[in-house]
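Since the structure comes first, as structure tokens, the remarks are kept for the end.
In this text the structure is predicted, and so the values were computed from the model without any measurement.
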Amino acid sequence: MAEHHIDLSQSPPVVTIDHCRTVTELFLNRVQQYPDKVALREKDFGLWNEYSWSQYGDYARLTGLGLIALGLKRGDVCSVASEVCKEWLFADQGIVSVGGVTNGVYPTDAPNQVKYLITDSGTRFYFAEDEEQLDKVLQVRQHTPTLEKIIIFDMEGLRRLDDSMCMSFDALLELGRNFAREHPEVWEQEIHAADPEDLMVLTYTSGTTGPPKGAMISHRNMMYMMVTLQRIYNVSEKDEQLAFLPLAHVAGRVFYISLVLESCSVINLVEDAETMIQDLQEISPTLHFAVPRVWEKQYSTVAIMLKEGTALGRFAYDCAIAIGENVALFRLQGKSVPLVQRLLFFLAEHMVLKNIRRMLGINNCRILSTAAAPVAPELIKWFWSLGKPMYEVYGQTECTGIVTSNRPDALRIGSVGKSTEDAEVELSAENEIKIRSPGVITGYWNKPEKTADTIQHDWLYTGDVGRLDEDGFVYIIDRINDIIITSGGKNITPSEIENQLKFSPFISDAVIVGDKRPYLTCLVMIDQENVTKFAQDNDVPFTSYTSLCHTTEIQDLVWQEIEKVNQKFARVETIKKFSLIDQLLDPEDEELTPTMKLKRKVVNEKYADMVNKMYQPDRTAT
């Protein structure tokens with residue numbers, strides 16, 4: 001277990017882990033202290049290849065020194081556009097260890113977004129995963145004057161590339177080897193030259209309310225988050241995770257890089273997004289963090305399987321999950337489970353529940369965790385009923401990750417838990433959640449006005465409306481800008497209704513509409529896989545995704561799901577009409593964030609005609 005120390009009496013606060021004050025010093029410590037221990041695994045052609053801390057360190061060292069050989073100076077920004085892979089990790093540690101700043105680019109970003117991120121951050125060196133990512137940056141490089149060199153991880157299909165701006169990752173490593181022979185002392189000198197307040201990471205916000213803003217994360221911010229994560233999850237060097245979330249997202253970075261660095265645990269890099277469930281089953285991690293959409297998909301997978309199963313199978317499941325619910329109720333209340341209930345659960349687990357957990361790849365998980373978007377309490381309770389505790393946490397990019405958490409000794413489903421140690425959470429006069437902690441960033445890159453709006457007197461104003469109960473548990477009501485006030489003057493929080501809709505296996509996402517309107521309507525994005533299967537099983541004719549959305553049977557299916565949700569809310573909160581977004585969206589579309597959340601403002605503007613039609617007289621659900 002690492003030794004932590006946080007001193008809030010100093011300004012800025014001092015954070016140390018094993019007597020290291022910067023992330024780079026801690027990385028060097030791990031490389032030297034645990035050279036032969038496995039740090040990461042990556043699946044390639046079906047085989048899991050292991051890399052030790054010593055190898056991790058060598059690749060990072062050669063990357064960093066190669067960049068210095070290319071002319072990198074302390075404070076220079078390097079962008080990385082790639083899916084989760086070992087080269088992403090090597091490049092990141094190499095960049096920050098020699099004083100550079102890592103800026104993650106989502107591999108789903110379109111060329112115009114790539115141009116914005118390069119120009120806004122002033123990127124000098126750009127790491128592209130493969131030909132696809134290279135093509136994007138080559139399309140826009142004439143509009144990115146700061147860009148000097150593009151380094152490519154995977155040269156498949158690019159062996160004949162002849163471009164003075166481009167080089168392979170292997171060539172960069174060779175530059176590093178040559179530089180190391182001539183300057184063997186530079187690597188450690190650069191590591192020890194870092195200051196805790198130095199900028200190490202730019203993480204761009206999702207841009208749901210405007211152009212993305214670069215959150216400036218320092219070494220001290222990240223060191224504090226490492227301590228916070230360890231306090232919440234109690235991770236040991238024997239723990240394992242599966243890395244599948246994008247490393248450009250703050251959640252991916254803190255769980256797959258920072259937490260691993262603090263705990264010396266093992267990270268397993270997913271082979272491909274399509275193989276995630278298989279990889280989960282093979283690795284069977286002990287800690288699994290995912291955004292709500294991932295958990296909703298797991299629940300819907302089981303729900304659809306049950307619909308297709310036998311009557312006996314459904315009966316066995318219903319009995320087992322009912323027993324699980326009873327046991328979960330005791331555990332959630334902190335009470336001991338009666339002997340009879342324990343015996344019943346033993347049978348239910350071995351006959352049904354364990355098989356479900358194995359199928360989902362979570363059977364060995366001691367903790368499931370979720371954040372980054374609202375989640376239905378029923379979903380969390382379902383995982384508890386399966387026999388696996390799930391804890392909702394809350395945070396933002398602007399506080400480097402997590403600031404409140406549910407824990408085994410302090411849990412209330414529906415809340416996002418209590419503030420973490422050394423962090424303060426309060427409500428403003430308008431009930432906006434505000435945060436003060438050593439994790440709060442210094443501001444937004446090149447945006448002093450936005451910084452001044454968001455961070456005031458060391459307090460981060462989150463933009464979330466919330467409430468605090470008498471025991472200090474925090475409840476998120478909604479985003480301030482998302483609160484709906486109907487023409488009748490009723491205040492409605494759409495996220496609660498949307499969460500219930502997304503609990504349906506047939507609904508991927510939903511946006512409630514109704515501000516200054518007489519009633520609520522809804523734009524729905526269907527779950528393509530599950531709805532397609534429903535159509536096939538029920539002989540519903542369709543030729544494309546668009547035609548599928550316009551069939552009467554699918555319209556009726558979605559309306560039935562909406563009606564189930566309507567029964568849970570007051571009359572004024574019920575959805576009167578809906579429309580399906582009949583275009584198949586992916587993260588490259590402007591309507592979606594990289595984490596597959598619908599952008600409310602963009603959706604309302606782009607589908608304004610569809611919305612207006614729902615408020616015309618005598619119109620039924622469409």
Quick one: which of [options] gives a side-chain contact (heavy atoms from CB on, under 4.5 Å) with [X]?
| X | options | answer |
| --- | --- | --- |
| Leu287 | Asn364, Leu368, Leu259, Leu242 | Leu259 |
| Val440 | Thr454, Ile435, Asp458 | Ile435 |
| Trp445 | Val77, Val101, Thr203, Asn103 | Val77 |

[X] side chain to [Y] main-chain N or O, any donor-acceptor pair under 3.5 Å?
| X | Y | result |
| --- | --- | --- |
| Asp478 | Ser495 | yes |
| Glu432 | Ala429 | no |
| Lys136 | Asp109 | yes |
| Gln241 | Phe255 | yes |
| Thr123 | Phe125 | no |
| Arg74 | Glu190 | yes |
| Asn406 | Ser415 | yes |
| Thr370 | Glu392 | no |
| Thr462 | Ile433 | yes |
| Ser437 | Gly439 | yes |

### Message
What verdict does the side-chain contact (heavy atoms from CB on, under 4.5 Å) test give for Glu83 and Phe153, after you've listed the backbone C-alpha separation in whole Å, the side-chain angles of each residue and the deciding distance to 0.1 Å?
### Response
CA-CA 11 Å; Glu83 300 285 357; Phe153 292 154; over 6 Å; no
Identify the two heavy atoms, one from [X] and one from [Y], that lie closest to each other, and give their separation to 0.1 Å.
| X | Y | value |
| --- | --- | --- |
| Arg61 | Ala180 | NH1-CB, 3.7 Å |
| Val393 | Ser405 | CG1-CB, 3.5 Å |
| Val375 | Leu379 | CG2-CD2, 3.7 Å |
| Thr22 | Ile191 | OG1-O, 4.5 Å |
| Gly104 | Trp88 | CA-CZ2, 3.9 Å |
| Phe27 | Gly57 | CZ-CA, 3.8 Å |

### Task
Establish, yes or no, whether a centroid distance under 6.0 Å links the rings of Tyr56 and Tyr51.
no
### Message
Tell me if the aromatic rings of Trp295 and Phe289 count as close, with their centers under 6.0 Å from one another.
### Response
no
### Message
Would Asp239 and Tyr233 count as a side-chain hydrogen bond (donor to acceptor under 3.5 Å, both in side chains) here? Give the steps.
### Response
CA-CA 10 Å; Asp239 278 308; Tyr233 297 106; over 6 Å; no
Counting C-beta onward and ignoring hydrogens, is there a side-chain heavy-atom pair between [X] and [Y] closer than 4.5 Å?
| X | Y | result |
| --- | --- | --- |
| Arg412 | Tyr475 | yes |
| Phe244 | Val294 | yes |
| Met167 | Leu175 | yes |
| Trp459 | Glu424 | yes |
| Tyr394 | Asp464 | yes |

Just checking, any donor-acceptor pair under 3.5 angstrom between side chains of [X] and [Y]?
| X | Y | answer |
| --- | --- | --- |
| Ser284 | Asn363 | no |
| Ser52 | Ser54 | no |
| Glu25 | His219 | no |
| Ser428 | Tyr461 | no |

So how far is it from [X] [atom1] to [Y] [atom2], rounded to the nearest 0.5 Å?
| X | Y | atom1 | atom2 | answer |
| --- | --- | --- | --- | --- |
| Leu269 | Glu87 | CG | CD | 9.5 Å |
| Lys37 | Glu237 | NZ | CD | 5.0 Å |
| Leu28 | Gln93 | CG | CD | 11.0 Å |
| Met226 | Ser258 | CE | OG | 4.0 Å |
| Asn431 | Leu468 | CG | CG | 9.0 Å |
| Phe179 | Glu182 | CZ | CD | 8.0 Å |

Are [X] and [Y] within salt-bridge range, i.e. N to O under 4.0 Å?
| X | Y | answer |
| --- | --- | --- |
| Asp120 | Lys447 | yes |
| Asp44 | Lys86 | no |
| Lys450 | Asp453 | no |

### Task
Go through Leu261 and Met222 one step at a time and tell me if the side-chain contact (heavy atoms from CB on, under 4.5 Å) criterion holds.
CA-CA 11 Å; Leu261 189 54; Met222 197 60 76; over 6 Å; no
### Task
Taking atom CZ of Arg21 as the centre, report whether more than 12 heavy atoms of other residues, nucleotides or ligands fall under 6.0 Å from it.
no
### Query
Does His183 NE2 have over 12 foreign heavy atoms under 6.0 Å away?
yes
### Task
Could you check Glu148 against Leu70 for side-chain contact (heavy atoms from CB on, under 4.5 Å), going step by step and ending with a plain yes or no?
CA-CA 9 Å; Glu148 295 180 20; Leu70 288 174; over 6 Å; no
### Query
Parallel, tilted or perpendicular: which fits the ring planes of Tyr116 and Tyr204, with parallel below 30° and perpendicular above 60°?
perpendicular
### Query
So Glu398 and Tyr444, side-chain hydrogen bond (donor to acceptor under 3.5 Å, both in side chains) or not? Walk me through it.
CA-CA 9 Å; Glu398 289 83 351; Tyr444 296 119; 2.6 Å; yes
### Query
Does the side-chain contact (heavy atoms from CB on, under 4.5 Å) test come out yes or no for Met1 and Asn234, once each step is laid out?
CA-CA 9 Å; Met1 184 69 72; Asn234 192 28; 3.4 Å; yes
